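This report refers to the structure that appears directly beneath it.
Within every chain, numbering begins at 1; the chains are lettered A, B, ... in the order of the sequence lines, protein sequences first and strands thereafter. In this text the structure is predicted, and so the values were computed from the model without any measurement.
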Amino acid sequence: MNHDKMINISTKRGFLWPSFEIYLGVSGFTDYGPLGAILKNNIMQLWRKQYIAGEGFYEIESPTVTPEEVLKASGHVDNFTDPMTQCEGCKDVYRADHVIEEVTDLEVEGMTNAELDKIVKKHKVNCPNCRDKLSEIWNYNLMFKTNIGAKGNKTGYMRPETAQGIFIQFKRLSRFFKNKLPFGVVQLGKAYRNEISPRQGVIRLREFTQAEAEIFVDPKDKSHPMFNSIADEKLVLNSQATQIEEKDPITITAKEALDKGIVANEVLIYQIYLANKFLNEIGIPKEALRFRQHLPNEMAHYAIDCWDVEVDTDRYGWVEIIGIVDRGEYDLKSHSKYSNKELDLFISYDSPKTVSKTIIKPNMAKFGPSFKQNAPKVKGFLESVTDDNIEAIKLSIKEKGKYISNIDGEKFEILEEYLKFEDIEEEVSGEKITPHVIEPSFGIDRILYSVLLHSFHVSDSENDKDYFKLVNSIAPIQIGVFPLMNKEELNEIAIKITSNLRNSGFRVDYDTSGTIGKRYARSAEIGVPIAITVDYDTLEDNTVTIRNRDTEKQERVKLNDLNEIVEKYFN
RNA sequence: GCGGCUGUAGUAUAGUCUGGUUAGUACUUGGGCCUUCCAAGCCUACAGCCCGGGUUCAAAUCCCGGCAGCCGCACCA
């Protein structure tokens with residue numbers, strides 16, 4: 001693990017480049033060079049393989065420009081805007097609302113900046129650090145704002161996460177999945193956050209790529225059909241308890257973690273397991289990973305449980321690369337409220353339930369004369385009261401002979417003779433529920449960085465070289481084809497091999513420049529797993545050598561068998 | 001957003017303090033020679049003073065501003 005050397009080579013060889021460089025660059029943005037772009041796509045394709053092919057989830061793609069309403073409902077418009085203030089003396093920057101609440105004990109949430117400014121003046125709120133004067137308050141919004149349409153009167157934002165695009169399609173999605181839980185929907189794409197001061201290269205970007213899955217589950221059933229198959233898998237967990245007690249993370253099986261209540265439910269553990277599996281497969285070793293549970297105070301208020309996957313880095317310490325959250329019903333409820341649409345699901349019971357309950361039957365002969373024009377209103381009220389309230393009404397009438405209802409501020413006296421209680425048995429075939437959402441959210445850029453960092457082999461001797469020991473499944477270039485010398489008769493065969501392999505779908509680099517040794521070294525550096533060399537023997541007996549990047553061993557094979565051997569090697 | 005340090009070809013650097021030849025070197029990259037198997041050798045070519053302004057006869061060098069990188073603070077629903 002060596003950040004500096006790794007970044008040096010990855011920049012030099014076309015993995016990661018600074019964006020807008022000839023115009024001096026802008027921090028918080030990165031370009032993926034020719035190899036970086038392939039690598040990123042390969043990682044995303046493997047992700048799709050695991051979650052779409054493996055788990056049966058479906059992918060959707062929604063716009064990155066998002067109208068304000070959506071992000072209002074999600075909470076981003078309000079919670080992503082921080083009122084900031086700066087001390088004119090020591091230049092420290094603070095959250096204005098935090099400073100004010102601390103000093104004045106006032107509840108200032110939802111106030112405008114002008115109102116906050118007034119409070120600052122009135123209560124003489126000064127810098128908590130050096131007591132100097134505070135500047136006028138300004139808003140810092142972490143979302144990129146834009147206007148939609150020529151008139152520019154519709155506000156939009158670049159989405160700060162891909163998840164919302166899934167939540168707001170819930171009605172169509174649940175129909176697509178035939179109204180059956182659980183189902184999973186994924187989205188891979190760009191998201192945007194206008195960070196105040198991004199300074200950690202590709203770790204903290206203003207425009208980044210997420211791969212998120214939203215798994216909709218029955219709140220009463222968070223079991224997972226495959227849980228038994230992973231019950232004995234060991235996980236390294238840094239739970240709330242181990243963090244609070246400042247102990248080392250514990251190694252524990254999935255089953256134990258569930259039984260001891262360390263992880264909230266099976267689906268969540270299964271997702272932790274899957275994340276771990278994915279990272280191992282793309283070349284991040286187990287030892288470099290750990291799972292950290294959010295502490296109660298850092299968890300979003302609606303979250304039921306939340307785990308970060310963290311990767312070890314030499315430059316930035318433990319870095320969060322994946323978040324796995326049980327978001328409960330928060331998102332669907334919130335969008336339902338703001339959009340006024342029913343974002344729920346009717347779940348049929350295995351067999352219809354017979355429910356015995358008490359209903360109220362109004363005696364309309366008495367109702368009309370007593371309540372006159374208000375009769376329908378009172379009737380409606382009585383029909384809509386919940387089971388608990390029926391008991392209260394029943395009790396009140398039994399004890400006092402009447403019940404005084406309060407309907408929209410108007411009081412109505414309901415006497416015993418106005419109604420009848422009837423015990424009935426009702427057949428209920430199911431119920432409407434708001435699904436809970438389990439969300440694994442992957443930061444693709446950070447994962448790519450981790451892959452590069454942990455694949456990077458730092459030379460340990462004179463003969464050794466620094467190179468990317470990328471696993472076969474994601475190496476941007478899979479095969480180098482090199483004529484031993486830059487000679488027409490060798491090149492001819494090498495070109496033919498190259499085009500054959502390319503036609504079979506392999507990413508091949510054909511290279512004649514420099515000495516063969518130099519070409520091996522160069523291709524190893526960018527992680528090409530194997531090199532095929534055409535030499536003078538090839539002209540005699542139709543054989544070539546296949547050289548393994550890591551062992552440096554060469555094997556001579558027949559040209560006729562080449563395709564088959566290579567296929568086997570990569571699949 | 002604040003403070004400190006830094007910015008010379010693709011990479012690593014010399015030169016900057018003390019202004020003054022055509023900005024030097026190594027590796028890399030392109031072309032060529034060579035029966036050359038983890039960056040060999042030889043010939044050859046390309047390529048640089050972060051950007052803008054100021055001071056000066058003259059600025060890579062001094063001054064101011066900006067941008068970017070690193071470190072610390074703040075921020076990171």
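Rounded to a whole angstrom, the distance from the P atom of B:G20 to that of B:G15 is 13 Å. B:U13 and B:G7 are spaced 13 Å apart, taking the C1' atom of each and rounding to whole Å. With C1' as the reference atom, B:U6 and B:C51 are 16 Å apart, rounded to whole Å. A gap of 27 Å separates the C1' atoms of B:G32 and B:G24, to the nearest Å. For the C1' atoms, the distance from B:A60 to B:A9 is 14 Å, rounded to whole Å.
Between A:Ser513 and B:G30 there is a side-chain polar atom (N or O) within less than 4.0 angstrom of OP1 or OP2.
Atom CG in A:Asp511 sits roughly 14 Å away from atom C1' in B:G31 (whole-Å rounding). Computed from coordinates, the A:Ile526 CD1 to B:U29 P distance equals 12 Å when rounded to whole Å. Rounded to an integer number of Å, the gap from CZ of A:Arg315 to P of B:C71 is 5 Å. Put simply, CZ on A:Arg206 is 8 Å from P on B:A68, counting in whole angstrom units. The distance between atom CG of A:Asn486 and atom C1' of B:G31, rounded to the nearest whole Å, is 10 Å.
Judged by distance alone, with hydrogens and angles left aside, A:Glu195 brings no side-chain donor or acceptor close enough to the base of B:C76 to form a pair under 3.5 Å.
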Could you go through nucleotides 39-49 of chain B and list every protein N or O atom that sits under 3.5 Å from one of its N or O atoms, giving the distance for each pair?
unit_1 : atom_1 : unit_2   : atom_2 : d
B:A39  : N6     : A:Glu525 : OE2    : 2.9
B:A40  : OP2    : A:Thr515 : OG1    : 3.0

Please list each protein N or O that sits under 3.5 Å from an N or O in nucleotides 65-67 of chain B, with the distance.
unit_1 : atom_1 : unit_2  : atom_2 : d
B:C67  : O2'    : A:Leu24 : O      : 3.2

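The partner of B:G65, taking Watson-Crick or G-U wobble pairs whose two distances both stay under 3.5 Å, is B:C51.
A:Asp535 comes within 4.0 angstrom of a nucleotide base, judged by non-hydrogen atoms across all strands.
A distance cut-off of 5.5 Å between ring centres, combined with a plane angle under 30°, leaves A:Tyr520 outside any stacking arrangement with the base of B:C37.
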